[in-house]
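What's counted below: heavy atoms across the whole structure, side chains too, no hydrogens, waters or symmetry copies. It should be emphasised that the depicted structure is a prediction, and the values quoted were computed from it without experimental measurement.
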Amino acid sequence: MPRNVEIKVRLEAVSPYLARAEAISGSAAKIIPQEDIFFNCNSGRLKLRILSQNEGELIYYERPDQLGPKTSYYVISRTQDPNSLSKVLKQAYGVRAIVRKERRLFLSGRSRIHIDSVEDLGNFLELEVVLEEAEDPVSGEREAHDLMQALQVDKTNLIHQAYVDLLEANEG
C-alpha cells in the first residue's frame, strides 16, 4: 500500500507561509478547490474527493492521530464520474461529513506542501512526503522536519486530527 509521512499545522496567518512555500518550490501555487465527502467506514477513513464534475478520487487511508510527522497508508482510485460514485457510496455507507476547502499546492521534490483554507475551520499547512515502497518512514520524517524548519512552522500549532475530525468536534 502506498505511504507518505504527513504533518498538519493550524495557521494564524497565511501570507508568510505562501511566500516561503513559493520560495521552496520555485513556483506559484496551483489552486485546487476540493470537496471531500467522508463516508461511514469501520476502519480507517474513506472519502470521495470531488475536483470537478468529471474528475474525482476515491481515497481510503489509515493514519494515526498523533502530533508531528505520522505515516499514512492510502489507496486512490480515480473517477471521471464522481457524482454517480457519490450516489452509490451514500446509499451503501452513509455520509459522515463533508469537508470543503481551497488548496494551494506547492511541490518540492517528492514532497507536497498544501496551504488549505477549510470552510468553517480556518487555515492550515499540510506536508506530505511520499515514501518509496521499502523506504523506512524515518527518512520521510526527517524530510518533513526539514521542510517544517524551512517554512518556519511553529510546532505549538501542530494538530493531530484530520479536518473531518475537527469539523465533528466543532459540531459537538
Side-chain angles (χ1 to χ4, degrees), residues 1-11 14-15 17-22 24-63 65 70-133 140 144 147 151 159 161-171:
M1 189 179 293
R3 301 169 298 142
N4 62 28
V5 171
E6 297 184 17
I7 66 116
K8 193 176 308 239
V9 181
R10 186 179 296 276
L11 298 180
V14 171
S15 54
Y17 294 95
L18 287 171
R20 292 178 201 133
E22 190 169 314
I24 290 167
S25 72
S27 63
K30 179 179 180 181
I31 298 174
I32 309 167
Q34 297 179 349
E35 180 178 89
D36 291 346
I37 303 171
F38 283 81
F39 299 95
N40 296 313
C41 183
N42 290 333
S43 65
R45 294 183 175 98
L46 180 66
K47 67 182 173 184
L48 176 61
R49 172 163 291 155
I50 299 176
L51 301 165
S52 70
Q53 286 190 3
N54 57 5
E55 184 183 8
E57 301 171 331
L58 182 61
I59 304 167
Y60 171 79
Y61 68 99
E62 297 174 1
R63 181 183 63 224
D65 288 335
K70 53 195 149 276
T71 303
S72 178
Y73 297 85
Y74 61 91
V75 180
I76 299 174
S77 178
R78 295 178 184 8
T79 180
Q80 293 180 349
D81 191 359
N83 292 324
S84 177
L85 183 55
S86 174
K87 289 177 187 174
V88 171
L89 291 165
K90 285 176 182 176
Q91 278 296 114
Y93 297 106
V95 173
R96 176 178 169 190
I98 298 175
V99 176
R100 292 180 182 87
K101 63 182 174 266
E102 179 180 85
R103 171 161 282 172
R104 295 175 195 93
L105 169 65
F106 300 89
L107 300 175
S108 174
R110 66 179 179 165
S111 298
R112 297 169 56 94
I113 302 168
H114 304 147
I115 297 179
D116 294 335
S117 295
V118 184
E119 189 176 289
D120 297 326
L121 287 180
N123 299 305
F124 298 84
L125 174 113
E126 187 178 79
L127 300 176
E128 295 179 351
V129 181
V130 178
L131 299 174
E132 297 292 326
E133 188 174 326
L147 275 171
L151 289 162
I159 59 172
Q161 296 169 297
Y163 297 140
V164 66
D165 299 324
L166 293 172
L167 276 175
E168 289 174 337
N170 279 354
E171 292 172 359

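- Annotation: side chain of N4 is in contact with side chain of S72 (closest heavy-atom distance under 4.5 Å).
- The side-chain heavy atoms of E55 and Q80, taken from C-beta on, include no pair separated by under 4.5 Å.
- Judged purely by atom type and a 3.5 angstrom limit, R49 has no side-chain atom pairing as donor or acceptor with the backbone of E57.
- Under the side chain to side chain contact (heavy atoms under 4.5 Å, CB included) test applied with F38, the options L167, I59, V99 reduce to a single match, V99.
- Atom CD of E102 has more than 12 heavy atoms from other residues, nucleotides or ligands within 6.0 Å.
- F124 contributes atom CZ, which lies 7.5 Å from atom NZ of K8 (distance to the nearest 0.5 angstrom).
- Within the 3.5 Å criterion, the main-chain N or O of Y93 finds a donor-acceptor partner in the side chain of N40.
- For the pair R20 and Y17, the cation-pi criterion (under 6.0 Å, within 45° of the ring axis) is fulfilled.
- Between the side chain of S108 and the backbone N or O of S111, no donor-acceptor pair lies under 3.5 Å.
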Subject >> Working for side-chain contact (heavy atoms from CB on, under 4.5 Å), residues I24 and L151 >> reply: CA-CA 8 Å; I24 290 167; L151 289 162; 3.6 Å; yes
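- Between atom CG of residue L105 and atom CD1 of residue I31 there is a gap of 10.5 Å, rounded to the nearest 0.5 Å.
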Review item, side-chain donor-acceptor pairs of residues 84-92, under 3.5 Å, at least two apart:
none

**OP:** Determine, stepwise, if the pair N170 / L121 fulfils side-chain contact (heavy atoms from CB on, under 4.5 Å).
**Re:** CA-CA 8 Å; N170 279 354; L121 287 180; 3.1 Å; yes
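- The minimum heavy-atom distance linking A21 with I115 is given by the pair CB-CD1, 4.3 Å.
- More than 12 heavy-atom neighbours from other residues, nucleotides or ligands sit within 6.0 angstrom of CD on E62.
- Ionic pairing of R63 and E6 is present here: one or more N-O contacts between side-chain nitrogen and carboxylate oxygen are shorter than 4.0 angstrom.
- Put simply, the residue from F39, Y60, Y61 that forms a side chain to side chain contact (heavy atoms under 4.5 Å, CB included) with R45 is Y61.
- Between D165 and R96 a salt bridge is recorded (basic side-chain N to carboxylate O distance below 4.0 Å).
- Note on R103 versus E126: salt bridge recorded, some NZ/NE/NH1/NH2 to OD/OE distance being below 4.0 Å.
- Residue L166 holds its CG atom at 4.5 Å from CD of Q161, rounded to the nearest 0.5 Å.
- A donor-acceptor pair is defined here as one N or O able to donate and one able to accept, closer than 3.5 Å; such a pair exists between the side chain of R3 and the backbone of E133.
- In summary, the side chains of Y163 and D36 do not present any donor paired with an acceptor at a separation below 3.5 Å, with no hydrogens or angles considered.
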**OP:** Run the numbers on D81 and T79 for side-chain hydrogen bond (donor to acceptor under 3.5 Å, both in side chains), then give the verdict.
**Re:** CA-CA 5 Å; D81 191 359; T79 180; over 6 Å; no
